[in-house]
Amino acid sequence: GGEQTGRWTKAEHDLFLKALAKYGKEWKKVAAYVRTRTVVQTRTHAQKYFQKLTKSQNTGEVDSDFGDADLLMASLADGGAMGRGGEENTVERPAPPAGKRSRGSGGRG
């Protein structure tokens, strides 16, 4: 379709934040709300976004690319709309590289 590539625009990111607040980690719905990005692009954007949030929380820095971090983190902490649905919920903790898993098989495979 008419998906974009490359950097997310401010408008796309604003839509992403609204959809994230509304649908949580239901990436198909979030991508449909943004309209210009695929489900994979949306999930990847979320992963990078959450990494930046974690980093900025640890350092106290605010990244101008990612606006209302505190607001979103508060809604995540409260359980908000997050964590619902049957979609993959692996954004916060990406699996370590193969062969370097620390605890057993991790229940996969």
Side-chain angles (χ1 to χ4, degrees):
E3 290 89 13
Q4 288 268 27
T5 58
R7 278 183 76 85
W8 283 55
T9 64
K10 173 147 179 39
E12 285 175 323
H13 183 68
D14 289 346
L15 286 170
F16 164 81
L17 289 178
K18 284 180 185 156
L20 193 59
K22 190 171 183 175
Y23 301 118
K25 295 177 181 178
E26 296 179 66
W27 303 124
K28 283 180 192 163
K29 290 182 181 179
V30 174
Y33 191 89
V34 173
R35 291 199 330 265
T36 54
R37 299 289 177 161
T38 66
V39 175
V40 171
Q41 285 174 319
T42 304
R43 200 165 46 212
T44 302
H45 186 67
Q47 195 164 11
K48 290 177 184 175
Y49 176 59
F50 289 124
Q51 284 169 351
K52 284 205 175 193
L53 287 190
T54 305
K55 188 177 166 191
S56 71
Q57 273 199 327
N58 293 342
T59 62
E61 291 172 23
V62 176
D63 190 314
S64 59
D65 279 356
F66 296 114
D68 299 321
D70 293 337
L71 217 84
L72 187 65
M73 284 311 277
S75 99
L76 279 170
D78 292 346
M82 303 298 155
R84 281 192 333 225
E87 298 289 326
E88 284 179 45
N89 287 330
T90 55
V91 173
E92 299 89 344
R93 276 178 268 116
K100 294 187 180 177
R101 297 223 162 93
S102 52
R103 284 175 267 137
S105 66
R108 290 185 181 197

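For Glu3 (side chain) and Arg35 (main-chain N/O), no donor-acceptor pair under 3.5 Å exists by modelled atom type.
A side-chain donor from one of Glu12 and Thr36 sits under 3.5 Å from a side-chain acceptor of the other.
Put simply, NE2 on His45 and CH2 on Trp27 are 9.5 Å apart, with the number rounded to the nearest 0.5 Å. In this structure, CZ in Arg43 is found 9.0 Å from OG1 in Thr38, a value given to the nearest 0.5 Å.
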- Task: Starting from the C-alpha separation in whole Å, work towards a yes-or-no answer on ring-ring contact (aromatic ring centres under 6.0 Å, His included) for Trp8 and His13.
- Result: CA-CA 6 Å; Trp8 283 55; His13 183 68; 7.3 Å; no
- Given the rule in the side-chain contact (heavy atoms from CB on, under 4.5 Å) test, do Tyr49 and Leu20 qualify, once you have shown the distances and angles that lead to the verdict? CA-CA 11 Å; Tyr49 176 59; Leu20 193 59; 4.2 Å; yes
- Decide yes or no on side-chain contact (heavy atoms from CB on, under 4.5 Å) for Tyr33 and Val30, but give the supporting numbers first. CA-CA 5 Å; Tyr33 191 89; Val30 174; 5.6 Å; no
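Here the shortest heavy-atom pairing between Ala31 and Thr42 reads CB-OG1, 3.4 Å.
Using a 4.0 Å cut-off between charged side-chain N and carboxylate O, Asp14 and Lys18 make no salt bridge.
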